[in-house]
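First the structure, in the form of structure tokens, and then the observations on it.
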Amino acid sequence: QVQLVESGGGSVQTGGSLKLSCAASRFTYTHYCLAWFRQGPGKEREWVASLHSGGSTSYTGSVKGRFTISEDHAKNTLYLQMNSLEPEDTAAYYCAADRSQVVFGDCPSWSSWYAYWGQGTQVVVSS
């Protein structure tokens with residue numbers, strides 16, 4: 001069974017940085033999508049960024065230029081480098097994964113597409 005485990009959350013002040021990690025086990029698809037979602041207090045879960053095994057990455061507008069999604073294929077680990085953090089970034093962050101049917105392309109941004117989820121890691125940004 002696929003397992004995703006996030007780590008790296010914490011509390012920072014506005015303008016600070018954090019790097020989230022998501023370690024995947026038994027996720028052995030050749031073509032795949034990996035993504036980060038977040039859910040703030042009283043808000044719905046929203047897509048943050050995604051990465052396709054073919055190399056493409058996508059970001060929601062509010063994090064473009066501040067967040068970077070990447071992977072270390074050898075370590076089966078997904079990352080989210082978050083810089084210039086703002087209080088609005090406060091949320092539980094979840095990694096998600098699923099098989100992709102295409103060799104190259106963009107990954108879906110809707111949560112229902114992803115079959116595999118981590119348990120979440122909390123990020124708190126204080127002003």
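Index from 1, following the sequence. This is a predicted model, so every value here is computed, not measured.
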Could you tell me which residues satisfy side-chain contact (heavy atoms from CB on, under 4.5 Å) with Ser56, sequence neighbours excluded, listed by chain and number?
His52, Asp106
Distance in Å, Glu71 CD paired with Leu51 CG, rounded so as to fall on 0.5 Å steps:
5.0 Å
Residue set satisfying side-chain contact (heavy atoms from CB on, under 4.5 Å) with Asn76, at least two apart, ordered chain then number -> none
Measuring from Thr57:OG1 to Phe67:CZ, what's the distance to the nearest 0.5 Å?
14.5 Å
So Phe27 and Tyr32, would you call those rings parallel, tilted or perpendicular, with 30° and 60° as cut-offs?
perpendicular
With disulfide bond (SG atoms under 2.5 Å apart) as the rule and sequence neighbours excluded, what pairs involving residues 34-76 come up?
none
Taking Ser50 for its side chain and Ala35 for its backbone only, find out whether a donor-acceptor pair lies under 3.5 Å.
no
Quick one: pull up CD in Gln122 and OG1 in Thr90 and give me the separation to the nearest 0.5 Å.
7.5 Å
Output for pair (His73 NE2, Ser53 OG), nearest 0.5 Å, gives 8.5 Å
Single-linkage hydrophobic cluster, 4.5 Å side-chain cutoff, Trp47 and Tyr116 together
no
Note, Ser111 side chain near Tyr94 side chain (heavy atom, < 4.5 Å):
no
In chain order, what residues pass the side-chain contact (heavy atoms from CB on, under 4.5 Å) check against Ser21, with sequence neighbours excluded?
Ser7, Thr77, Tyr79
Counting distance only, does the side-chain N/O of Glu6 pair as donor-acceptor with the main-chain N or O of Cys95 below 3.5 Å?
yes
If hydrophobic clusters are built from ILVMFWY residues whose side chains come within less than 4.5 Å, do Trp117 and Val5 share one?
no
Side-chain donor-acceptor pairs under 3.5 Å in residues 81-89, sequence neighbours left out?
residue : atom : partner : partner atom : Å
Gln81   : NE2  : Asn83   : OD1          : 2.9
Asn83   : OD1  : Ser17   : OG           : 3.0
Asp89   : OD1  : Arg38   : NH1          : 2.9
Asp89   : OD1  : Arg66   : NH2          : 3.0
Asp89   : OD2  : Arg66   : NH1          : 2.8
Asp89   : OD2  : Arg66   : NH2          : 3.4
Asp89   : OD2  : Glu86   : N            : 2.8

With heavy-atom distances below 4.5 Å as the criterion, would you say the side chains of Leu78 and Leu4 are in contact?
no
Which pair of heavy atoms, one from Phe37 and one from Val48, lies closest together, and at what distance?
C-CG2, 3.9 Å
How about CD on Gln119, more than 12 heavy atoms from neighbouring residues, nucleotides or ligands closer than 6.0 Å, or not?
yes
List in chain and number order the residues that pass side-chain contact (heavy atoms from CB on, under 4.5 Å) with Ser11, two or more places apart in sequence or in another chain; answer none if no residue qualifies.
Val124
Can you name the nearest heavy-atom pair linking Leu80 to Ala49, along with the distance?
CD1-CB, 4.5 Å
Quick check: does any side chain N or O of Tyr59 sit under 3.5 Å from a backbone N or O of Ile69, one acting as donor and the other as acceptor?
yes
Backbone of Gln1 reached by a side-chain donor or acceptor of Arg26 within 3.5 Å
yes
Counting only N and O atoms by type, is there a donor-acceptor contact under 3.5 Å from the side chain of Tyr114 to the main-chain atoms of Pro108?
yes
